[in-house]
Amino acid sequence: MKKYGKGTAEIISDLQREGHKIHIYTTSFRTKGKVRRTLKYYGIKVNRIVNQTENQKVLKSRNINSSKFPPAFDFDLHIDDLKGVGIESERFNFKAIIIEPTDKNWIEKIKKGIQKTFELRILKRLLKELWLQSDDCTEPIENMWFSIQEVAKSTGNTRKEIKKYLY
């Protein structure tokens, strides 16, 4: 792909094998079919494409004044090369990884950012479950195993993986 070049198709395939859904969110007015055909040329399949036509329509209907707003499309994390999108992510409170076009370690930066984002999501879910079990911290937690089990089910992780967040 022209933006990042060598490694793009490979990292997308790796992420898909790990169970991540990959979406393309572009401010290009190209049709979704044209974007999909371009990606197919590079051997890339994606779950969803949001182009500028859909982006403008959805953001306008929600009265959001931003070039991009991934939560409007139920995207957990956005990866971009524009500093402005990074500023918007802070302003509108969405998760973004901003890659400098000249960054030679961009693949590693993306992998670390994804890992951190999903670890934080699991930790937040665990804390919420423990909070509920403690009746808003007014009671001791008697059956912590239940909280661990619920978080494991909701995040697709094992109980052992969830337990490490307690330590």
Take Asp80 and Lys68, measure what salt bridge (charged side-chain N to carboxylate O under 4.0 Å, His left out) needs, and give me the verdict at the end.
-> CA-CA 10 Å; Asp80 211 298; Lys68 292 181 178 177; 2.7 Å; yes
List the steps, then state whether ring-ring contact (aromatic ring centres under 6.0 Å, His included) holds for His23 with Phe73.
-> CA-CA 10 Å; His23 310 294; Phe73 303 96; 9.6 Å; no
Would Lys32 and Val35 satisfy side chain to side chain contact (heavy atoms under 4.5 Å, CB included), going step by step from the backbone distance to the final call?
-> CA-CA 5 Å; Lys32 294 178 186 186; Val35 172; 5.6 Å; no
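- When every heavy atom of Gly7 is checked against every heavy atom of Trp106, the shortest pair comes out as C-CH2, 4.0 Å.
- Asn55 places a side-chain N or O within donor-acceptor distance of the main-chain N or O of Ser67, the cut-off being under 3.5 Å.
- Between the side chain of Glu18 and the backbone N or O of Leu15, no donor-acceptor pair lies under 3.5 Å.
- Side-chain contact check for Lys95 versus Phe75: every heavy-atom pair is 4.5 Å or farther apart.
- With hydrogens and angles disregarded, no donor-acceptor distance shorter than 3.5 Å links the side chain of Asp81 to the backbone of Glu100.
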How far apart are the C-alpha atoms of Asn51 and Arg30, what are their side-chain angles, what is the distance that settles it, and do they pass the side chain to side chain contact (heavy atoms under 4.5 Å, CB included) test?
-> CA-CA 7 Å; Asn51 65 4; Arg30 289 176 293 162; over 6 Å; no
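- Between Lys111 and Ile114, every side-chain heavy-atom pair lies at or beyond the 4.5 Å cut-off.
- Without hydrogens or angle criteria, Gln16 side chain to Lys45 main chain gives a donor-acceptor distance under 3.5 Å.
- Side-chain N or O atoms of Asp14 include none that pairs as donor or acceptor with a backbone N or O of Arg17 at under 3.5 Å.
- The shortest non-hydrogen separation linking Pro70 to His78 is CG-CB, 3.5 Å.
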Test log, rule side chain to side chain contact (heavy atoms under 4.5 Å, CB included), inputs Ile79 and Ile99 | CA-CA 7 Å; Ile79 300 168; Ile99 304 297; 4.1 Å; yes
Which is it for Ile98 and Leu82 under the side chain to side chain contact (heavy atoms under 4.5 Å, CB included) test, yes or no, and what are the steps along the way?
-> CA-CA 7 Å; Ile98 305 302; Leu82 297 175; over 6 Å; no
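- Looking at heavy atoms from C-beta onward, Ile44 lies in side-chain contact with Thr8 at the 4.5 angstrom threshold.
- Criterion: ILVMFWY side-chain heavy atoms under 4.5 Å apart, direct or through other members. Under it, Ile24 and Tyr42 are part of a common hydrophobic cluster.
- A heavy-atom distance below 4.5 Å is not found between the side chains of Val85 and Phe69.
- Under a 3.5 Å cut-off, the side chain of Asn47 and the backbone N or O of Ile22 do form a donor-acceptor pair.
- The shortest distance between side-chain heavy atoms of Arg48 and Val50 falls below 4.5 Å.
- Taking the side chain as every heavy atom from C-beta outward, Leu77 and Ile97 approach each other to under 4.5 Å.
- The side-chain heavy atoms of Lys128 and Glu150, taken from C-beta on, include no pair separated by under 4.5 Å.
- More than 12 heavy-atom neighbours from other residues, nucleotides or ligands sit within 6.0 angstrom of CG on Asp103.
- Annotation: side chain of Arg36 is in contact with side chain of Val46 (closest heavy-atom distance under 4.5 Å).
- Side-chain contact of Gln52 with Ser28: a donor-acceptor pair under 3.5 Å is absent, judged by distance alone.
- Cluster membership for Val58 and Tyr25, using ILVMFWY side-chain heavy atoms within less than 4.5 angstrom, is shared.
- Nearest heavy-atom pair across Ser66 and Leu59 is O-CD1, 3.2 Å.
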